[in-house]
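A short write-up of the structure that comes next.
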Amino acid sequence: DIENSGEASTGADGRFELAVAPGTWMVVVSHEGHADLRRSVEIRAGGTTEEEFPHTAGGAIFGRVLDAAGRPVVHATVRALDADSEYLSLALTDNDGRYEIRNLPPGTCRAEWEPGGDGLQWTLRSPLVEVADGASVEVNFRVGVGARLRGVARRGGGPVGGVDVSVIGEAATCRTSTGDRGEFDIVGLPPGRYEVRIEHTTFPVDVPAEGVAREFDLPTGRIVGRVVDAETGAPPGTAFVIAYRVGVPPGEQPVESPWHCGTGPSGEFRLDGVDDGEYYVRGSARDHGTRVLGPLVVREGRTIECGDVQL
């Protein structure tokens, strides 16, 4: 926030002064050849707060990035993150696939790289490493080397094509989509526990070193209805419909939901793949406001007719 920030340079004695309003401020000290230092400082009204900021050279993460064939990946961006996955710094690989991220603050961090290609969106993350002041830690990456996860998404016994698939784990995240037969195939996952998210449903999956193949049965609940003008009974143009679980008070309705759609020419809508549970259904349209119906009870394999949502 530019309106709530200040900047100063140190003098020959390393001292600086900033005039700021009372409150809690994040002070960031940066200097070439040194690790950035961040510290939260409480500033009280009517006085001067004095703090010392010990500034060290920090540590480094270095390594090499290779593709599946063992060739160097040139100009790859490798990021350093702290233990809370907050960004610290980055570096680009050279013509030999080598990189070095310098001036990292001492502590726990990891490296991260996002390779592309083959219709997959990858994020590879190293294990957490300890970076000491003046020391370097080696972290290498190689894409496409690891376990294989093959899957088929089904709903009601039939394949579900063209839906998004996210495979999320501690060491890697991969995003893809299913083919016409509901299939997806990911090679190069570090073995471990993953969450496989297909549409809005999450499946825990253990991926061993030898790989695994799974079928994923998606929910088959459905909510159908129409959005109409309360006075005329005609559709109010294009309307937007979402369903969200009971437990959220109607006055605190979410802006987004996994189950949402627009209406058709006659105001009709259909929400597919709804999990078992109780839901509110909210319809809205420009110049017509919103209306909430429910709760509705959705069960596997059943279609729930909620009637007209009158705006």
Side-chain angles (χ1 to χ4, degrees), residues 119 121 151-168 173 175-184 195-205 214-311:
Q121 297 177 6
V152 177
R154 300 185 180 277
R155 178 178 286 124
V160 182
V163 296
D164 293 335
V165 178
S166 296
V167 180
I168 303 168
T173 298
R175 292 178 173 83
T176 185
S177 57
T178 59
D180 293 339
R181 300 187 299 276
E183 79 285 359
F184 64 91
E195 288 186 348
V196 178
R197 296 179 186 172
I198 304 177
E199 291 187 325
H200 48 264
T201 304
T202 299
F203 305 86
V205 177
R214 280 278 305 271
E215 291 189 355
F216 299 90
D217 292 317
L218 301 178
T220 56
R222 176 182 295 164
I223 300 174
V224 299
R226 287 201 317 151
V227 178
V228 298
D229 185 289
E231 295 182 359
T232 67
T238 301
F240 185 71
V241 180
I242 73 168
Y244 57 95
R245 292 186 183 274
V246 168
V248 179
E252 300 177 10
Q253 301 156 12
V255 176
E256 298 181 351
S257 165
W259 305 280
H260 62 270
C261 68
T263 55
S266 300
E268 75 279 5
F269 67 86
R270 187 176 81 179
L271 300 170
D272 288 318
V274 183
D275 294 322
D276 283 7
E278 292 185 86
Y279 295 85
Y280 292 112
V281 172
R282 185 184 75 201
S284 61
R286 178 176 292 182
D287 300 326
H288 285 76
T290 64
R291 177 79 182 276
V292 178
L293 298 184
L296 305 174
V297 179
V298 177
R299 293 289 179 259
E300 183 74 14
R302 297 178 60 184
T303 298
I304 305 302
E305 171 64 65
C306 76
D308 289 349
V309 181
Q310 298 182 355
L311 304 180

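- Around atom CZ of Arg181, no more than 12 heavy atoms belonging to other residues, nucleotides or ligands sit under 6.0 Å away.
- You'll find the side chain of Ile242 stays beyond 4.5 Å of the side chain of Tyr279, heavy atoms only.
- Residues Gly182 and Pro159 come closest through the heavy atom pair N-CB, 3.9 Å.
- The two residues Ala239 and Ala285 come nearest to each other via the heavy atoms CB-CB, 3.9 Å.
- Checked against side chain to side chain donor-acceptor pair (under 3.5 Å), Glu278 has no partners two or more places apart in sequence or in another chain.
- Between the Arg291 side chain and the Gln310 main chain, a donor and an acceptor come within less than 3.5 Å of each other.
- For His200, the side chain to side chain donor-acceptor pair (under 3.5 Å) test picks out Trp259, with sequence neighbours left out.
- Using modelled atom types, one side-chain atom of Thr178 and one backbone atom of Val163 make a donor-acceptor pair closer than 3.5 Å.
- Under the side-chain hydrogen bond (donor to acceptor under 3.5 Å, both in side chains) criterion, the residue pairs touching residues 261-273 are Arg222-Asp272, Arg270-Asp272, with sequence neighbours excluded.
- Note: Leu311 CG to Asp229 CG = 7.5 Å, rounded to the nearest 0.5 Å.
- For the residue pair Leu271 and Cys261, the shortest heavy atom distance occurs at CD2-SG, 3.5 Å.
- Distance check: Thr290 OG1 to Phe240 CZ gives 12.5 Å after rounding to the nearest 0.5 Å.
- Under the side chain to side chain donor-acceptor pair (under 3.5 Å) criterion, Thr173 pairs with Arg125, not counting sequence neighbours.
- Here the straight-line distance linking atom CG of Asp275 with atom OG1 of Thr201 works out to 4.5 Å at 0.5 Å rounding.
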Side-chain polar contacts of residues 294-305 - donor-acceptor pairs under 3.5 angstrom, sequence neighbours left out - could you list them?
| unit_1 | atom_1 | unit_2 | atom_2 | d |
| --- | --- | --- | --- | --- |
| Glu300 | OE2 | Thr220 | N | 3.3 |
| Glu300 | OE2 | Thr220 | OG1 | 2.8 |
| Glu305 | OE2 | Gly307 | N | 2.8 |

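- Annotation: the span from Phe216 atom CZ to Arg154 atom CZ amounts to 12.0 Å, rounded to 0.5 Å.
- Considering CD1 of Ile168 and CD of Glu195, their distance stands at 6.0 Å, rounded to 0.5 Å.
- Looking at residues two or more places apart in sequence or on another chain, you find a side chain to side chain donor-acceptor pair (under 3.5 Å) between Arg155 and Glu199.
- Phe269 and Val309 make their closest contact through CE2-CG2, 4.2 Å (heavy atoms, listed as atom of the first residue, atom of the second, distance).
- Distance CG/Asp164 to CZ/Arg197: 12.5 Å, rounded to 0.5 Å.
- The shortest non-hydrogen separation linking Ala243 to Ile223 is CB-CD1, 4.2 Å.
- In terms of heavy-atom proximity, Arg282 sits nearest to Tyr244 at CB-CE2, 4.3 Å.
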